[in-house]
Amino acid sequence: MFLRRLGFLYALSAAVVVVMVLQLSRLTLAEGADHLADAESRLDQRTFLATYRGRILDRKGRVLAADRPSYDIAVEYEVLTGAWAAHEAAVAARKEVGRTAWSEMDPSARGRAIERHLPAFDAQVERLYATICDRGGIDRDELERRIDEIKRRVHTRAVAVWDRQREMESN
């Protein structure tokens, strides 16, 4: 009697494990790409909230500070360096060719496939820069100067961090 109950519990446990493995297989193998795409789309969501703080008054009711509109623009660093266009071109090329064919391609064929898609993404970056110049009221030379200054500052900070890391590792 005890062995039959033990066998039944074992069979029941095995059935539950088999059902869970089948569900895991379905979610990862059959629907994995859809879930991955959904998860990646949720990684970077941006919401702009209007702010209103009101005026700041002193004890006599005089205005010390008041809200005024201010406009800033933020561009991802990868867009400034060109890494974004290269990455997006690689993703588009990989999608066009297919995952299996992509893995079988040699590096030069991959590079040619990426180069075919690169102009479209470079054009997007150029449209962004043109919009920034138009809306910001600056000319393209000024924008290029500011981009170069940002790259220089980032590079300077990166070099300082790398030097500090090497110094810490040597001690």
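Predicted model only: the values in this text are computed from it and were never measured.
Residues L118 and L128 are members of separate hydrophobic clusters, defined by side-chain heavy-atom contacts under 4.5 angstrom among Ile, Leu, Val, Met, Phe, Trp and Tyr. Grouping the Ile, Leu, Val, Met, Phe, Trp and Tyr side chains by contacts below 4.5 angstrom, directly or via other members, places I73 with V154.
For the atom pair CD1 of I132 and CD1 of I147, the computed distance is 7.0 Å after rounding to the nearest 0.5 Å. Note that the CG atom of D122 and the NE2 atom of H117 stand 13.0 Å from one another [nearest 0.5 Å]. Rounding to the nearest 0.5 angstrom, the gap separating the CG atom in L143 from the CG atom in D141 is 9.5 Å. For the atom pair NE2 (H155) and OG1 (T81), the distance works out to 13.5 Å, reported to the nearest 0.5 Å.
Using a 4.0 Å cut-off between charged nitrogen and carboxylate oxygen, R146 and E149 do not count as a salt-bridge pair. In this structure, E126 pairs ionically with R140, as a charged nitrogen and a carboxylate oxygen lie closer than 4.0 Å. Here R112 does not pair with E115 in a salt bridge; the nearest charged N to carboxylate O distance is not below 4.0 Å. Comment: D148 does not engage R152 in a salt bridge, judged by the lack of any side-chain N to carboxylate O separation of less than 4.0 angstrom.
Residues V75 and I150 fail the side-chain proximity criterion, which asks for heavy atoms closer than 4.5 Å. Two residues are said to be in side-chain contact when any heavy atoms from C-beta on lie closer than 4.5 Å; E40 and L36 meet this criterion. E142 places a side-chain heavy atom less than 4.5 Å from the side chain of D139. Looking at S13 and V16, their side chains never come closer than 4.5 Å, going by heavy atoms from C-beta outward.
Residues R116 and E96 share a closest heavy-atom pair of NH2-OE1, 3.6 Å. Here the shortest heavy-atom pairing between L64 and L57 reads CD1-C, 4.1 Å. V79 and Y129 make their closest contact through O-OH, 3.6 Å (heavy atoms, listed as atom of the first residue, atom of the second, distance). Scanning all heavy atoms of the two residues, the minimum distance from R55 to V63 falls at NH1-CG2, 3.6 Å. In plain terms, the two heavy atoms of A92 and F121 that are nearest each other are CB-CE1, 4.1 Å. Scanning both residues, I114 and A89, for their nearest heavy atoms gives O-CB, 3.7 Å.
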- Query: Does the pair H35 and D38 meet the rule for a side-chain contact (heavy atoms from CB on, under 4.5 Å), with working shown?
  - Reply: CA-CA 5 Å; H35 292 296; D38 185 40; 5.6 Å; no
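In K151, the NZ atom is crowded: over 12 heavy atoms of neighbouring residues, nucleotides or ligands sit closer than 6.0 Å. For H87, the NE2 atom sits in a loose shell: 12 or fewer heavy atoms of surrounding residues, nucleotides or ligands are nearer than 6.0 Å. In R4, the CZ atom is not crowded: 12 or fewer heavy atoms of neighbouring residues, nucleotides or ligands sit closer than 6.0 Å. The environment of CZ in R26 is crowded: more than 12 heavy-atom neighbours from other residues, nucleotides or ligands sit within 6.0 Å.
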